[in-house]
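Worth knowing before you read on, the calculation uses all heavy atoms, side chains too, and leaves out hydrogens, waters and symmetry mates. Order of listing sets the numbers, starting from 1, for every ligand and every atom in it. In this chain, numbering begins with 1 at the start of the sequence shown.
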Amino acid sequence: MIKQEPSSDILEAEAHIWNQVFNYVNSMSVKCVTELGIPEIIHKHGRPMTLTELVDALPGVDRAKADYVRRLMRTVVHSGFFVLEKIDSCDEQGYSLTPASRLLIGDHPMSMKAFVLSQLDPFQTEPLRQLGRWFQNTEDHTAFQTAHNGMSFWEQKERNPRFSHLFDQGMASDTPMVADVITRDCRQVFEGLGSLVDVGGGTGTLAKAVAEAFPQIHCTVLDLAPVVAGIEGTRNLKYVEGDMFEYIPPSDAVLLKWILHDWRDKECVQILKRCKEAITSNERRGKVVIIDIVVDDQKANHKSVETQLFFDMLMMTAVDGRERDQKEWAKLFLDAGFSSYKISPLLGIRSIIEVYP
Ligand SMILES: C[S@@+](CC[C@H](N)C(=O)[O-])C[C@H]1O[C@@H](n2cnc3c(N)ncnc32)[C@H](O)[C@@H]1O
Ligand SMILES: O=c1cc(-c2ccc(O)cc2)oc2c(O)c(O)ccc12
């Protein structure tokens, strides 16, 4: 027989289930305000904006929908995206931005708008809806395939220009924030290097920032031919087409940002072995710099661990990748022949890991 809990515990359990089940209402409300351009509208207004002013400024939204806009805004105020404050000059209240909604403004230098729109696109969310079906299916390698007619994430990306563009924009939007932190607060990681290869560096946003902040470093972006073909370099930045499983050009340091979380352990060890060859050629004793998540479930901050676990589920469903804890990272480094490593948790939920041969 199921144990009868005290009624206060049952009510708490019910509230917990409701809150978890409706978590997606928060995500979809953020998607909606981002699509409607509400952060930009309030920013442009320059002072707290009343509901009437907001509704009038929303393109294509009829005044008859004002109360629906108010209820949408009440939810995103509650989740910390806006504040509703008293306007001095009148009796009304107006909406203002918070640090989170400022990052949803399209032309903010560290805008996360593209990230929000790409991650909440049905292309990305549908695999999670299909997770149960995927667990009981023996054919598909990932839930992404179950949701997308058997096609892998990378196949879809190749065939679907809309999704490809959305995803690339979302990924690129992550870089300015990382570039800002590493070129200001983590300069010691790059000081003294003469050369660096950004492996899987995409179109080179991060390598460009490193090349500008450290003019003495000769930077190379290595990525697959379709990604880097035709991109012009600069004095100390060049693009090379190649396969990281085959060969990485010799260099003082190899940078891997959001690369190893895409792959299973076996492939990560192969990539790391190629990195080790690159940084130890010509009697070098360089290093590999990894920017990725180190899952820390002992952390006091419940919210950041939860976000790390969300990323792990995302990588599992999208590409059969994973987020790793410190022990799992250490095993990869040992298996690839490295002797030591240092983890600096300097990038919010991400860390910088320096790995030495
Ligand atoms: C998740 S993205 C990360 C991009 C970039 N480092 C960033 O943080 O925005 C993974 C990158 O790895 C590249 N990639 C995948 N397989 C590769 C391979 N075999 N050799 C080189 N690059 C590869 C992809 O083209 C893509 O640009
Ligand atoms: O779906 C994703 C999302 C990411 C991602 C998003 C935002 C960040 O700040 C970092 C990473 O990365 C992915 C990835 O590397 C991949 O290979 C497939 C899917 C995703």
Ligand 1 atoms in contact with [X] (distance to a heavy atom under 4.0 Å):
X      : value
Trp258 : 1 (C), 3 (C), 8 (O)
Asp243 : 18 (C), 19 (N), 20 (N)
Asp262 : 1 (C), 10 (C)
Gly242 : 20 (N), 21 (C)
Phe245 : 19 (N)
Gly202 : 27 (O)
Val227 : 25 (O)
Gly200 : 3 (C), 4 (C), 5 (C), 6 (N), 11 (C), 12 (O), 13 (C), 22 (N), 27 (O)

Practice problem: Please identify each residue that fulfils ring pair (Phe, Tyr, Trp, His ring centres under 6.0 Å) with Trp134, with sequence neighbours left out. | Solution: none
Quiz item: Does a side chain donor of either His148 or Glu126 reach within less than 3.5 Å of an acceptor in the other side chain?
Solution: no
Looking at [Y] and [X], is there a salt bridge between them, counting it only when a charged N and a carboxylate O are closer than 4.0 Å?
X      : Y      : result
Asp62  : Lys65  : no
Asp292 : Lys257 : no
Lys331 : Asp265 : no
Lys303 : Glu306 : no

Practice problem: Kindly confirm or rule out an N or O of Phe167 lying under 3.5 angstrom from an N or O of ligand 1. | Solution: no
Quiz item: Backbone or side chain, does any N or O of Lys257 fall under 3.5 Å from an N or O of ligand 1?
Solution: yes
Exercise. Ignoring hydrogens, just give me the one of Asp223, Leu255, Leu256, Leu224 whose non-hydrogen atom is nearest atom 25 (O) of ligand 1.
Key: Asp223
Quiz item: Which residue pairs pass the salt bridge (charged side-chain N to carboxylate O under 4.0 Å, His left out) test when at least one of the two sits in residues 11-31, sequence neighbours left out?
Solution: Lys31-Glu35
Quiz prompt | Nearest-0.5 Å distance that lies between atom OG1 in Thr75 and atom CZ in Phe22 | solution = 12.5 Å
Quiz item: Looking only at heavy atoms, is any part of Ile259 under 4.0 Å from ligand 1, and if so is it the side chain, the backbone, or both, or is it neither?
Solution: side chain
